[in-house]
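The figures here come from the full heavy-atom set of this structure, side chains too, leaving out hydrogens, waters and symmetry mates.
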Amino acid sequence: MTRRAPAFGLLSLLALALVPAVAQALAEFGIEGMGVVSTRAHETGATVSPDGQRIVFASDRDGGSGGSDLWQAVLRDGRWQDAAPLALNTGDNEVEPAFSADGAWLHFASDRSGGPGGFDLYRAPVQGGAVGAAEAVPGAVNTAGHERAPMPSPDGSRLLFASDGHGGAGGLDLFASKRSDDAWSMPAALSALNTPADEASAALLPTGVVVFERAGVGGTARLHRATCGEGGWTDAGALALSFNTEAGTTRRPVPDWNAPEELLVAGSARAPRAGGLDLYRMRAPRAAPGESCE
């Protein structure tokens, strides 16, 4: 398996050198694709193909079909290059992309017309680096409400997502659906993690930890980590990340299948910074012995 090049570029390293007060905290992070992936626009989530050669991300930059679109860049000479919108975009919003660990599917959420609700979950086949036409995720997942932030488990047996259409504790809540042939079963709520606030973007990492986002006050959001033990799921508190604060907006954790020890997140650091919400790479948290969520 090809290991992709580090995310740090010259601008990232210079920015770290100019901000000594946070340099130590940011030593484990790199902004992803300065000027190509992370730009002056808002980039709100990204996923890397299992071969490490492509990155698909959501952005509201100019040049797409309208709203938020999915873009793809390729790895060339150790850098992300040639960012271009995917053909599956519509004039509505396409957000929260996630490759399956085997690279066969690209999952995402969209509020395009034709679905049963507001935002629904979709997937598109991937073959030879080409992303095909989108189709609704099959099974008992989409409702008349909103379904957001699809994330397949590492072994492909479960699909984690957020919904306000399957009941729950209030707002968007976290659910997991099991694969049944080529469809997804009626989902079960991750009840121990759900609150009256919005929970979304749960990701089961190859390191045995679940990371998810919880909405705060005034449009803020913060990433939390969860672990599993004999007593079930446990919210282990906010993820240790310098810009993952109560006053900030940090969201959409996605594992890099090509680099299982690493995690992509969307947020806004003091430096390095490209624009609105940018994409960053960090070390994935690990489960301690006996607390794996696998």
Side-chain angles (χ1 to χ4, degrees), residues 21-22 25-26 28-29 31-32 38 41-47 57-60 67-68 93 95-98 108-109 111 118-119 121 145-151 160-176 189-205 209-227 233-255 263-285 293:
V22 296
L26 292 177
E28 63 180 337
F29 309 104
I31 195 167
E32 195 75 8
S38 297
H42 287 285
E43 281 74 43
T44 56
T47 181
F57 55 96
S59 177
D60 64 359
S68 177
N93 294 293
V95 294
E96 299 155 349
F108 65 97
D111 61 352
F119 276 88
L121 304 186
H146 294 287
E147 278 70 48
R148 298 289 301 263
M151 188 66 236
L160 279 65
F161 65 97
S163 174
D164 63 6
H166 286 285
L172 289 172
D173 289 306
L174 300 176
F175 292 84
L190 306 185
S191 299
L193 303 181
N194 293 326
T195 71
D198 287 335
E199 281 81 29
S201 289
L204 174 55
L205 309 185
V209 173
V210 164
V211 179
F212 66 99
E213 69 179 63
R214 177 172 290 143
V217 177
T220 62
R222 198 176 191 188
L223 297 184
H224 287 240
R225 66 188 297 266
T227 56
W233 297 77
T234 301
D235 182 351
L239 192 66
L241 176 61
S242 64
F243 54 87
N244 188 40
T245 65
E246 291 184 0
T249 300
T250 314
R251 53 185 53 195
R252 196 50 184 164
V254 178
L263 181 67
L264 292 167
V265 301
S268 184
R270 288 177 58 192
R273 184 176 180 182
L277 287 178
D278 297 314
L279 300 171
Y280 294 88
R281 180 176 293 269
M282 63 175 290
R283 294 193 191 104
C293 291

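The heavy-atom pair separating H166 from F161 by the smallest distance is CD2-CE1, 4.1 Å. Across all their heavy atoms, A98 and P150 have their closest contact at CB-O, 3.5 Å. Shortest non-hydrogen contact noted between A266 and L279 is CB-CD2, 4.0 Å. Of all heavy-atom pairs between D173 and G167, the closest is OD2-O, 3.9 Å. The two atoms that bring M151 and A202 nearest to each other are CB-O, 3.3 Å, heavy atoms only. What you find for P97 and V254 is that their closest heavy atoms are O-CG2, 4.4 Å.
Between the D164 side chain and the G145 main chain, no donor and acceptor come within less than 3.5 Å of each other. A donor-acceptor contact shorter than 3.5 Å is absent between the side chain of R251 and the backbone of T44. The backbone N or O of A149 sits nowhere less than 3.5 Å from a side-chain atom of S201 that would complete a donor-acceptor pair.
L205 places a side-chain heavy atom less than 4.5 Å from the side chain of V211. The side-chain heavy atoms of R273 and Y280, taken from C-beta on, include a pair separated by under 4.5 Å. Annotation: side chain of T250 is not in contact with side chain of R222 (no heavy-atom distance under 4.5 Å). Contact check for E199 versus L193: no side-chain heavy atoms found under the 4.5 Å cut-off. Side-chain contact between R148 and V95 is present, with heavy atoms from C-beta onward closer than 4.5 Å.
Checking T249, V265, N244, L223 one by one against E213, the side chain to side chain contact (heavy atoms under 4.5 Å, CB included) holds for a single residue, L223.
The distance from atom CG of D198 to atom NE2 of H146, rounded to the nearest 0.5 Å, is 10.0 Å. Rounding to the nearest 0.5 angstrom, the gap separating the CZ atom in R214 from the CG atom in L172 is 12.5 Å. Atom-to-atom distance recorded for S268:OG and E43:CD is 11.5 Å, nearest 0.5 angstrom. Of the inter-residue distances, the one linking L239 atom CG with L263 atom CG reads 7.0 Å to the nearest 0.5 angstrom. Here the straight-line distance linking atom CZ of F243 with atom CE of M282 works out to 8.0 Å at 0.5 Å rounding. To the nearest 0.5 angstrom, R281 atom CZ is 12.5 Å from I31 atom CD1.
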Working for side-chain contact (heavy atoms from CB on, under 4.5 Å), residues F119 and N93 = CA-CA 9 Å; F119 276 88; N93 294 293; 4.1 Å; yes
Check against side-chain contact (heavy atoms from CB on, under 4.5 Å), F212 and L160 | CA-CA 10 Å; F212 66 99; L160 279 65; over 6 Å; no
